[in-house]
Amino acid sequence: MRVSKLFGKTIREVPADADTISHQLLLRAGMISQLASGIYSYLPLGYRVLRKIEGIVRDEMNRAGGQELHMPVLQPLELWQQSGRAQSMGRVLFTLYDRREHALALGPTHEEVITHLASRYVKSYRDLPLLLYQIQTKFRDEPRPRGGLIRVREFAMKDLYSFDTDEAGLEISYQKMVQAYENIYRRCGLPVMLVEADSGAIGGKDSREFMAITESGEDEIIYCPDCRYAANMEKAVAVKGQIGGSEPLPVVEVATPGMGTIEEVAGYLGIPANRTLKAVFYVADGALVFAVIRGDLTINEVKLKNQLHATELRMATEAEVTGAGIVAGAASPVGLKGFRVVADDSVTTGTNFVAGANKPDTHLKNVNYPRDFTADIVADIATARAGDRCTRCGGTLRATRGIEVGHVFKLGTIYSAKFGASFIDEKGETRPTVMGCYGLGLGRLMAAVGEYNHDEKGIVWPLSIAPYHVYLCPLFREGSRVTEVAEKLYHELEAGGIEVIYDDREESAGVKFNDADLLGIPFRLTVSPRTLEKEGVELKKRTEKDAEIVKLTEVVTRLRGLISA
RNA sequence: CGGGGUGUGGCGCAGUUGGUUUAGCGCGCAGCGUUUGGGACGCUGAGGUCGGAGGUUCAAAUCCUCUCACCCCGACCA
């Protein structure tokens, strides 16, 4: 490819709208172009990177035994109503109407379609196990697209679905996918952390995410450096400890004038926050819910939502709280009636807490569970924090941020049961297939590589996914043989199977070098009068500062060696 | 959806406080010439409904109202 003919231009200045590194660099390199919020074009260079990633993904899926197919983007909305996700996905689902006023959805994922498909063709245990996948465009009307390619509304995703006869089979398929994913990230030069993830209210047993660790990541991860426990913040657990071992004392009312928050009450009474109980109000699917947790902890809304099996959860408004007869600032689980109470298990592992009295400026001392109050649900609904103890080994947990670049998920029979995807086993019994699903966003992976692998000059693409292997850079000089030699070399390199981008522009050295760096091409070849004195070209790696002179006659062989290594 | 911010040639910005003359600057783009090892220089030139609609006024990029788009922070996901 000649730079003079390449569609897309590099730009010097950072576009004002981009503040994520990968976004800035991809834009500057002329690899992507935004059309609307969360909707991008891939220009030729960017598309080459995307397709190389796609190639690696396809290769690993095939190696793992996957069969590639292609499902429709356009899907009857009924299918989504049948699974119940028309509701639970909410407005993320793009919907439209055909000329007969028939509702259709643009596929955000394909569990419904694939299960429907499997129900037609899988009939016997002899048809299983089965790994089916596709690489295809998904549509999700995200509430907030962000970070360039990191979170978009239209994107290429590889989604694989596994079908097995039983849990043991699913485990094998699942492990195959975990292994395949690890291969993919390694081949793309991206280190990842496999973390436990929330599987949502819909169920499913085991859900893990592959996280690329970077500051610009959207997710917070809690991990233990000692035992390698790692989990998404929304799922992470930590030791809460036993508070107070004393015998329960009788409840006493105390005046707490003007004290509303936990800090104020604890400070006023001269006790630590972990000797108090905190009450928080939520509205879950329209119903008021009362959540209680030890004062020093905070509620994890994802955990709470799962405990309630709610599809929508939000904090209650002040009006809703007072309307229910609750005194804000002195809310109490004691004597509470009329709504569901969810208590964090921390309230059961302590005695003589201070809680609200549900009277203005008044709190209760020596509140004990279950003597003074009970809950409909007692479970872990607390947020784990860095510095907490690990529940597995007692080590100290740490926090970091990451980009979710893949998700593997044991679905079980949720979909197969709903869509009648069953088979007849060896004994002649009909059973639903046991499913798993495995998603990987291609553009997101591309962005994550950029976040991880760049310097002040540009993204440093690993050879495996770089748009071209070699940047051929003649330094123009009238009357010299630079151009002649470069043209010849260009053809020789191409003939030798090397992907080369040839900067045939009459630009100054600085411009060309900076563009070579910005595009992140792994090898740069410079041809100039200086190198021709030695009948050679200069070879420089993008990752290294120093260069070497290679004889003209040896360049192609040398590069082939480097590229196949 | 809540909170914050920005819309002025392809890109980055100034001009808006305090109304009015041909709306500027840098980069990029086109032409000519001089240059050529880390973003060269000179001259010439093209390119703008000032996001949109309505209003106030002798006069609006600038003031008022409405609206749209995009970005960032939060609740969701590959």
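Throughout, a chain's letter reflects where its sequence line sits, starting with A, and its residues are numbered from 1. Just so you know, these numbers use all the heavy atoms, side chains as well, and skip hydrogens, waters and symmetry mates.
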With sugar-phosphate meaning primed atoms plus P, OP1 and OP2, does A/Pro143 contact a base, only sugar-phosphate, or nothing at under 4.0 Å between heavy atoms?
base

Results of side chain to side chain contact (heavy atoms under 4.5 Å, CB included) for A/Arg63 - residues two or more places apart only
A/Asp59, A/Glu60, A/Arg187

Considering only heavy side-chain atoms of A/Ala16, the closest of B/rG12, B/rC71, B/rG38 is B/rG12

Partner lookup for B/rG47, please. Criteria are Watson-Crick or G-U wobble with both distances under 3.5 angstrom; report none if nothing qualifies.
none

Kindly indicate whether the side chain of A/Glu538 and the base of B/rG37 share any N or O donor-acceptor pair separated by less than 3.5 Å?
yes

Picking from B/rC72, B/rG12, B/rC77, which would you name as closest to the side chain of A/Glu142?
B/rC77

So, does the side chain of A/Glu13 form a donor-acceptor pair with the base of B/rG26 at under 3.5 Å?
yes

Base of B/rG38, side chain of A/Arg12 - is there a donor-acceptor contact under 3.5 Å?
no

I need the residues from residues 37-47 of chain A with at least one non-hydrogen atom less than 4.0 Å from RNA chain B; give them sorted by number, or say none.
A/Ser37

Please state whether the base of B/rC71 and the side chain of A/Asp19 form at least one donor-acceptor pair under 3.5 Å?
no

Rounded to whole angstrom, note down the C1' distance from B/rC25 over to B/rC50.
16 Å

Give the nucleotide from the list B/rG37, B/rG38, B/rA78 with an atom nearest to the side chain of A/Arg530.
B/rG37

Can you tell me the distance, in whole Å, between the CG atom of A/Leu27 and the P atom of B/rC71?
11 Å

Listed nucleotide nearest any side-chain atom of A/Lys457, set B/rG38, B/rC70, B/rG37:
B/rG38

Judged by nearest nucleotide, the residue sitting upstream toward the 5' end of RNA chain B, A/Arg144 or A/Ala36, is A/Ala36

Could you check whether A/Phe513 and the base of B/rG39 form a stacked pair, meaning centres closer than 5.5 Å and planes differing by less than 30°?
no

Rounded to the nearest 0.5 Å, how far apart are CZ of A/Arg477 and OG1 of A/Thr483?
11.5 Å

Considering only B/rA78, B/rG37, B/rG39, which nucleotide approaches the side chain of A/Met157 most closely?
B/rA78

Mark yes or no for a side-chain to base donor-acceptor pair under 3.5 Å between A/Arg146 and B/rC70, with no hydrogen or angle criteria applied.
no

Check: A/Ser528 side chain, B/rG37 base, donor-acceptor under 3.5 Å:
yes

